[in-house]
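What follows is one structure encoded as structure tokens, with my remarks underneath.
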Amino acid sequence: MAGGLAVTDLKRSFGDLRAVDGVDLHVPPGELIGFLGANGAGKTTTMRMILGILQPDTGEITWNGTPVDAEVRNRIGYMPQERGLYARMKVHEQVTYFGRLAGLESAVASERASYWIERLGLEERRDDLVQELSGGNQQRVQLAVSLVHDPELLVLDEPFAGLDPIAADTMREIVRERAADGAGVLLSSHQLNVVEGMCDRVVIVSEGREVAAGRPIDLRAAAPTRRMEVTWSEDVGHWRPIDGTVIEFTGTSAVVELPAQSDMSEQIGHAVAAGEVSMLSVEPPSLADIFADTITSAEVETAEVSE
Ligand code: ATP
């Protein structure tokens, strides 16, 4: 069995609702796994089962091959979606407190709390009560809490929700750094465009079931279309691609969708033959484009892309 976190055929219902209906996940050390899907897809429920907050109906959750128990959970850093801070505790005191709970000695917990508070740009707020902070700053505190005990696995539920672009960049940088240092990272989001560039692999769920899994680059390459954008230095009059669909054409620029199996050299040559080209790009659609319909659709078919 490979190392890290392994979730196998996890299921959980609430009454008649199958919130999680056979999810498989593998988070190896040093890898960043995006757990993606629309609202209500089952991401939080899966994470709660990993953390032991909810019991699965069936399925297995293991860490390095053995069932996840309380001792293993102490080595997980969890950032819950609903947040779980003490509003009337000061920032530094709070992060230190959670470090102590995870088994650190007082002095070590205090020192690590100071480090993360500074890293997350909360230095000036360290002695403020959590309830006095903005939502985004409370989220930074929550991240500090999940990092203070130097966890081997990070489980982050919607870590980017509600952050300004600078805070989101800091969050991304820290998460990447932790993965580079060997921690496994599982992070959920329903914004595919936010995480596709940073994850080694993504698992996309809809209605509790996996609809796609693999490296973003492979999932994108498997799409049936390519998007070509051309800008000419002068008006080329009428122009159409060899085959494909014109999304936009202005005379000096065109955006077209081409079949992925097209001969791209021929397509590019055809655009160049029309006039002097000043810009040209051919790319597969983004994950967000590919799954915009899929993740909200009730009837989805499993599309598995092997690694
Ligand atoms: P979001 O992106 O909105 O956070 P999610 O993918 O995390 O969504 P979950 O929170 O796991 O989705 O919810 C999955 C489904 O299970 C939803 O339909 C939700 O209403 C339902 N659900 C979750 N927790 C409970 C509960 N304690 N009791 C009843 N239904 C629940």
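Every heavy atom of this structure was used, including side-chain atoms; hydrogens, water molecules and symmetry mates were not. Bear in mind that the values here come from a model prediction, so they are computed numbers and not experimental data. Whatever order the structure lists ligands and atoms in, that order sets their numbers, starting from 1.
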query: Within 45° of the ring axis of F249 and under 6.0 Å from its six-membered ring centre, is that where the NZ or CZ of R240 lies?
result: yes
message: For W239, give me all partners under ring-ring contact (aromatic ring centres under 6.0 Å, His included), at least two apart in sequence or on another chain.
response: W232, H270
task: Applying salt bridge (Lys or Arg N to Asp or Glu O under 4.0 Å), name anything that partners R172, two or more places apart in sequence or on another chain.
output: D169
field: Side-chain donor or acceptor of Q267 paired with backbone N/O of S262 under 3.5 Å
entry: no
- prompt: Should I204 and E210 count as side-chain neighbours, where that means a heavy-atom distance under 4.5 Å?
  reply: no
What are the atom names and distances for all N or O pairs under 3.5 Å between ligand 1 and the protein?
from: ligand 1; atom 1: 2 (O); to: N39; atom 2: ND2; distance (Å): 3.3
from: ligand 1; atom 1: 2 (O); to: K43; atom 2: NZ; distance (Å): 2.8
from: ligand 1; atom 1: 3 (O); to: N39; atom 2: ND2; distance (Å): 2.9
from: ligand 1; atom 1: 3 (O); to: G40; atom 2: N; distance (Å): 3.4
from: ligand 1; atom 1: 4 (O); to: Q81; atom 2: OE1; distance (Å): 3.2
from: ligand 1; atom 1: 4 (O); to: Q81; atom 2: NE2; distance (Å): 3.0
from: ligand 1; atom 1: 6 (O); to: A41; atom 2: N; distance (Å): 3.0
from: ligand 1; atom 1: 6 (O); to: G42; atom 2: N; distance (Å): 2.9
from: ligand 1; atom 1: 6 (O); to: K43; atom 2: N; distance (Å): 2.9
from: ligand 1; atom 1: 6 (O); to: K43; atom 2: NZ; distance (Å): 2.8
from: ligand 1; atom 1: 7 (O); to: T44; atom 2: N; distance (Å): 2.8
from: ligand 1; atom 1: 7 (O); to: T44; atom 2: OG1; distance (Å): 2.8
from: ligand 1; atom 1: 8 (O); to: G40; atom 2: N; distance (Å): 2.7
from: ligand 1; atom 1: 11 (O); to: T44; atom 2: N; distance (Å): 3.4
from: ligand 1; atom 1: 11 (O); to: T45; atom 2: N; distance (Å): 2.9
from: ligand 1; atom 1: 11 (O); to: T45; atom 2: OG1; distance (Å): 2.6
from: ligand 1; atom 1: 12 (O); to: G42; atom 2: N; distance (Å): 3.2

Co-members of I217 in a cluster of I, L, V, M, F, W and Y side chains, linked at under 4.5 Å: none
